[in-house]
Colleague: 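Mind having a look at this structure? Questions to follow.
Keep in mind that the numbers below use all heavy atoms, side chains included, and drop hydrogens, waters and symmetry copies.
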Amino acid sequence: MTVPQEHSQVFITNRGRHITALSQLPENQQPESETSSIDTDGESCFLDTPTPEAFDVVTLSTSQSTYVKACKMLSITPSTFCFRCLNEISLVIPHHGIGPNGAKAVAIALVNNSTVSSLDLSSNGLGSAGLFYVLEMLQSNKNISDINLAGNDLGSRGARLISDSLRKNRTITKLNISGNSFSERDATHMAKLISRNKALKELILSHNTFREQGGVILGKALESNSVLKTLDLSWNHLRLLGAVAICWSVAENTCLTSLDLSWNGFGMEGCHEMGKSLLRNRTLTHLDLSANRVSFDAFRQLLRGVVHNKVLKVLKVGVNPITTDGAFAILQSIAVSDSSLEEIDLKDVSVDMDFVDLLEQIQKRRHLVCVYGNTLRHDETKKGNVARVLDTDDPVTVLFEYMKQKNLRLIDLLHNLDRDHSYTITRDEFQQGLANIDLPLSGRSLDILMKKLDTNRDGYVDYEELSARHKEHMRKVTKLRLQADLGPNHYKGYDKLEQLREAVRLKISLNMTRQRTETS
């Protein structure tokens, strides 16, 4: 695919396969002078020019002249729009149906062009034949950095040509090859491009069919890539092991800032691994997981990484069955964490009034843009200013999470709840003390709390009993966290614990906000 490098020569084509210089053409094929009249016999007139007679004599640039000559040589009709754009920074001619020969003419005109830096030939039916001419041109043209070849039915042969030609290219920084019928077996070619190209900053591979095995191959390539900033893998049937491999690459990759994985099938497995990967990733700022069969349980696993990630700013999870509980859960997590999220897209996800109220409170404290679906209205479960009690099977977690959030020692917790200074806590003191800090427990939960803390059954909880239960609680949290890392089947216990801890953190946060508002 080597293009002749003769300087000061205008390149054109013969009727064969390769691009050649004008001096190499037979005498009977030599083109006319640089100032050319535009014929009206149908071979070289402009299809979209209403009155060709108005252009009897036109002064052409080198690229324009070469384009007209190439079209005449190939017996095709040039386009006035393309003709004009050859002198502009962007040559944008999508949906023009130029086909392989049209691509050949454009490629010839661009060989020595130093004006055009962005080329859009999307949806033009180029096929692998037309692609060949474009790639051959790019070996000589060092000015084009942005190229769009989407929707050209390039197929497997096109994938191989792109990989072979561009893996060492140093000028193309943005490449769109979406919708080109690439399949699982073509992922190998794309992986070579991703792992070996050192200039490509943005790659769009959407609307292909890489599927599970293709995802595995692409994921391994992404782990070693050190230059790619933006990657679009939407609409590629990525699922199961393919989805997991892509998630693993997020943990290892150190340069990717925007990742579009929408309209795939990440589901439970993908969300579990993505949640773990986000705990390690330090570069990703935009993540799109819209329409990925993400249920509420799967979403909870994703949130584990989202809320602890300090760089992620935009999260898109719309068109997923995460339910109103899932929508509320993400706001809960944001309200009580140091998350950097600035935009949440919950398109087509229904929310309730609790969600809307909480969103308003958060937006008073920090910048947050949120898009969501319909708002479901229902009777309030909170009457007037009466606080909603916590009814849980694990009140011990409520107690120790409060201690953690308030940065208290065990002895401090004991003194705060011990109203009679007896160095012990009764059931009534637990009830009154927790209600005073806006963490009221139901009667059932209070009974469970006393049963778990009062090991000698004397009706009082002393420091030794409190300390022993706290150590047991910390061992339990550590065990559940380690089990959660093993896989989605082991995550449920840890997820329940996290939901309760988040509820406690949210109540504390809202209580502090309310106190500041009342004070001011």
Colleague: What pairs meet the ring-ring contact (aromatic ring centres under 6.0 Å, His included) rule with one or both residues in residues 311-336, with sequence neighbours excluded?
Modeller: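 Found none.
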
Colleague: How long is the gap from OG1 on Thr171 to CG on Leu166, to the nearest 0.5 Å?
Modeller: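 The CG atom of Leu166 is 8.5 Å from OG1 of Thr171, to the nearest 0.5 Å.
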
Colleague: Return the NZ to CZ distance between Lys142 and Arg170, rounded to the nearest 0.5 Å.
Modeller: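 Those atoms lie 10.0 Å apart.
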
Colleague: Using atom types as modelled and distance alone, determine if a side-chain donor or acceptor of Asn436 lies under 3.5 Å from a backbone N or O of Leu434.
Modeller: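 Flag not set: sc Asn436 to bb Leu434 has no pair under 3.5 Å.
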
Colleague: Using 0.5 Å steps for rounding, measure from the CG atom of Leu205 to the CG atom of Leu175.
Modeller: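 Rounded to the nearest 0.5 Å, the CG-CG separation comes out at 7.5 Å.
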
Colleague: Quick one: salt bridge (charged side-chain N to carboxylate O under 4.0 Å, His left out) pairs with a partner in residues 446-460, sequence neighbours left out?
Modeller: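 Qualifying pairs: Arg427-Asp447.
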
Colleague: Filter on side-chain hydrogen bond (donor to acceptor under 3.5 Å, both in side chains), then keep only pairs touching residues 243-268, sequence neighbours left out; what's left?
Modeller: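 Pairs touching residues 243-268 that pass the test: Trp248-Glu273, Glu252-Arg280, Asp260-Ser262.
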
Colleague: Check Lys220 with Glu223, please: is the shortest side-chain N to carboxylate O separation under 4.0 Å?
Modeller: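 Looking at Lys220 together with Glu223, the answer is no, because their closest N to O distance does not fall below 4.0 Å.
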
Colleague: Quick check for you: to the nearest 0.5 Å, what is the distance between Ile172 atom CD1 and Leu193 atom CG?
Modeller: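 Between atom CD1 of Ile172 and atom CG of Leu193 there are 11.0 Å.
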
Colleague: Just how far is it from atom CG of Leu241 to atom CD1 of Ile246, taken to the nearest 0.5 Å?
Modeller: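 Leu241 atom CG to Ile246 atom CD1 measures 12.0 Å (nearest 0.5 Å).
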
Colleague: Salt-bridged, Asp186 to Arg160, with N to O below 4.0 Å?
Modeller: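 Result for this pair is no, no salt bridge flagged.
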
Colleague: When rounded to the nearest 0.5 angstrom, what is the spacing between NZ in Lys229 and OG1 in Thr283?
Modeller: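 Nearest 0.5 Å value for the NZ-OG1 distance: 7.5 Å.
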
Colleague: Side chains of Leu359 and Val351, heavy atoms from C-beta outward: is any pair under 4.5 Å?
Modeller: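 No; the side chains remain at least 4.5 Å from each other.
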
Colleague: In sequence, state the C-alpha distance, the side-chain angles, and the governing distance for Ser295 and Asp297, and then conclude on side chain to side chain donor-acceptor pair (under 3.5 Å).
Modeller: CA-CA 5 Å; Ser295 64; Asp297 290 336; 5.3 Å; no

Colleague: Under the salt bridge (Lys or Arg N to Asp or Glu O under 4.0 Å) rule, what do Arg475 and Glu472 come out as? Steps first, then yes or no, please.
Modeller: CA-CA 5 Å; Arg475 287 194 295 268; Glu472 183 180 333; 5.1 Å; no

Colleague: Taking the side chain as C-beta and beyond, is there a heavy-atom pair between Leu131 and Asn152 under 4.5 Å?
Modeller: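 Sidechains of Asn152 and Leu131: no contact.
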
